[in-house]
Amino acid sequence: VTLFGRQNLRARMMITRLGCLVLLAFCAVGWAKTTYEGHKVVTIDKADVSVVDNLEAAGFDVWATLPNEDGSSLSIDVMLPPFTEEILHKMNLNFTTMIEDVQVRIDEEERTIKKGMQASWYDVYHNYTDIVTRLRDLAISFPAICTFIPSIGKSVENRDIPALVINTKASTIDKHFLFQSGQHAREWIAPATTLYITEQLVSRYATDDRVKRILDRMTIDVVPMVNPDGYSFSWTNTRLWRKNRRNNGASFGVDLNRNWDDHWCQRGASTSPSSDTYCGPSPFSEPETRAASSYVLNRGFRFDGAIDFHAYGQLILRPPGYTNTPTPDEAVLKSVGSQMQAAIRSNSGRSYTNDMAWQLYYTTGSADDWWYNAASKVKYVYCIELRDTGSSGFNLPPAQIIPTGEENFAALKYLADYVISKKN
């Protein structure tokens, strides 16, 4: 699909103007709670990456890009403000409505949170303060194998970026792994899943032979909330906020997963500060990415593997994102990804797609490519896009936190077993 041919110039101008109006509307509310009443999420079928680029350039919020079964085209989920649906009709694009009113989903989510205490901590989403407290409580509950790090660095608004280290101190430990999440504020399922997997590991160490075998061979560092400012803002003001909270002057925020110093801002990122994929004024311009990268480089060892959790799409993505040239480890990363895919399917019946990141769309300045390519030289790198495939968007019902955690815990156990089986 070619979205903006010469014959569609007028429609392009309309989209650009409408996109700018949307951005101005959101800026105008200041710190008031943003409402998404009347906003729809539609899926554009059988598109190509140029559709993504052009919609983002026009100011529209592209939620996800997913591969179609034909293997050669994409399905694109995009949020449409009121009265903009007709534009897609004029473009002769096939699309279906996935979410009729985004605000209705947000209101349902808020009602669930306000209900208060649940049977399990993972029956509801939690704010930044709760997440930090939970991380600290895990270290208190399992002091022999957990160390809480209150701060690996500060955010733009001076919030701490916490971490937890799982280390049984067994003499057999010779591998090191990293979990990271929360780069994108609105993806609430990502830190929830990271914490769930972390808790399963430490709580089962004494009773689960497989978990004990993994942790007696491997340390695991967990950084569940890289973007505490954006995450907090998504709770208090704008539920679908994505970036950090850098003050750009006329707008706010840098996309942290476009700010890492690897092929920075070359493709799949924007130089426009108002864009949701704004790469920032320079590589590692943001304190959050500086803190997360410095943590990796200063640990005193090389990580053998790393996972960056995101949402949504049910995808297991491996480097590269910046080029279509496969990495030297393509064969093994693809094979391991396929087995992780199988572990998830066996656990829950869910299907995750196993692809190189660029096969969806090009991205530059990402954590995944930096981990693999830069001084850190991590081999087993994956970006996992969690549930679902679009029906809930970023407002995944909290009832799916535990199932999402369980299926990805199954994938992690396979990956850990595989890494442990290989010589350094």
Side-chain angles (χ1 to χ4, degrees), residues 1 3 11 14-15 17-26 28-29 32-47 51-52 54-56 58-69 73-115 124-125 184-190 192 234-242 276 310-315 350-351 385-401 403-404:
V1 178
L3 180 59
M14 290 174 61
I15 290 178
R17 287 198 296 269
L18 284 166
C20 290
L21 287 172
V22 172
L23 291 169
L24 288 171
F26 284 168
V29 298
K33 192 117 180 180
T34 301
T35 180
Y36 294 90
E37 184 177 357
H39 287 61
K40 293 183 176 182
V41 178
V42 302
T43 298
I44 301 170
D45 195 27
K46 297 191 181 304
V51 178
V52 179
N54 290 319
L55 286 173
E56 287 183 341
F60 285 96
D61 188 355
V62 176
W63 279 25
T65 304
L66 306 173
N68 284 325
E69 291 183 2
S73 66
L74 302 172
S75 291
I76 300 169
D77 292 355
V78 59
M79 184 169 69
L80 299 182
F83 312 116
T84 60
E85 189 175 356
E86 182 60 28
I87 293 173
L88 298 189
H89 287 299
K90 291 181 178 180
M91 306 316 304
N92 296 316
L93 294 172
N94 295 320
F95 67 92
T96 56
T97 299
M98 295 290 291
I99 299 175
E100 190 65 40
D101 192 319
V102 173
Q103 189 60 45
V104 170
R105 297 294 181 91
I106 293 174
D107 291 343
E108 291 172 355
E109 187 177 64
E110 289 183 348
R111 283 193 293 271
T112 301
I113 293 170
K114 288 177 181 178
K115 286 181 181 178
V124 69
Y125 292 106
H184 291 150
R186 62 191 178 185
E187 299 167 9
W188 288 7
I189 187 59
S234 74
W235 274 74
T236 59
N237 296 79
T238 301
R239 173 61 184 88
L240 298 176
W241 189 259
R242 170 183 168 99
D276 264 348
H310 286 264
Y312 59 90
Q314 295 179 195
L315 305 166
R350 289 273 175 159
S351 295
E385 298 277 358
L386 301 164
R387 293 191 187 188
D388 54 12
T389 56
S391 59
S392 298
F394 296 110
N395 303 107
L396 189 72
Q400 294 196 45
I401 295 173
T404 303

Rounded to the nearest 0.5 Å, what's the gap from [atom1] on [X] to [atom2] on [Y]? Could you check?
{"X": "Q400", "Y": "L386", "atom1": "CD", "atom2": "CG", "answer": "11.0 Å"}
{"X": "L66", "Y": "L74", "atom1": "CG", "atom2": "CG", "answer": "8.5 Å"}
{"X": "W188", "Y": "W235", "atom1": "CH2", "atom2": "CH2", "answer": "4.5 Å"}
{"X": "T84", "Y": "M79", "atom1": "OG1", "atom2": "CE", "answer": "9.5 Å"}
{"X": "I106", "Y": "K33", "atom1": "CD1", "atom2": "NZ", "answer": "8.5 Å"}
{"X": "S392", "Y": "M98", "atom1": "OG", "atom2": "CE", "answer": "8.5 Å"}

Closest non-hydrogen atom pair, [X] against [Y]:
{"X": "R105", "Y": "N395", "answer": "CB-OD1, 4.0 Å"}
{"X": "E37", "Y": "Q103", "answer": "N-CB, 3.5 Å"}
{"X": "I189", "Y": "A311", "answer": "CG2-CB, 3.4 Å"}
{"X": "A47", "Y": "I76", "answer": "CB-CD1, 3.6 Å"}
{"X": "R387", "Y": "P403", "answer": "NH2-CB, 3.5 Å"}
{"X": "L315", "Y": "P67", "answer": "CD2-CD, 4.0 Å"}

**Request:** Go through the structure and list residues passing side-chain contact (heavy atoms from CB on, under 4.5 Å) with N94, not counting sequence neighbours.
**Result:** none

Under 4.5 Å between any side-chain heavy atoms of [X] and [Y], yes or no?
{"X": "I99", "Y": "Y36", "answer": "no"}
{"X": "L55", "Y": "I44", "answer": "yes"}
{"X": "E100", "Y": "K40", "answer": "yes"}
{"X": "F394", "Y": "R242", "answer": "no"}
{"X": "E109", "Y": "R239", "answer": "yes"}
{"X": "N237", "Y": "T34", "answer": "no"}
{"X": "L88", "Y": "L80", "answer": "yes"}
{"X": "D276", "Y": "R186", "answer": "yes"}

**side chain to side chain contact (heavy atoms under 4.5 Å, CB included) between H39 and D61, intermediate numbers included** = CA-CA 11 Å; H39 287 61; D61 188 355; over 6 Å; no

**Message:** D77: which residues meet the side chain to side chain donor-acceptor pair (under 3.5 Å) condition with it, sequence neighbours left out?
**Reply:**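 For D77 the side chain to side chain donor-acceptor pair (under 3.5 Å) partners, ignoring immediate neighbours, are T43, Y312.
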
Has the side chain of [X] got a donor or acceptor atom that lies under 3.5 Å from a matching backbone atom of [Y]?
{"X": "Q314", "Y": "S351", "answer": "yes"}
{"X": "D45", "Y": "F95", "answer": "no"}
{"X": "R350", "Y": "T404", "answer": "no"}

**Prompt:** More than 12 non-hydrogen atoms from neighbouring residues, nucleotides or ligands closer than 6.0 Å to CD on E108, yes or no?
**Reply:**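 Yes.
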
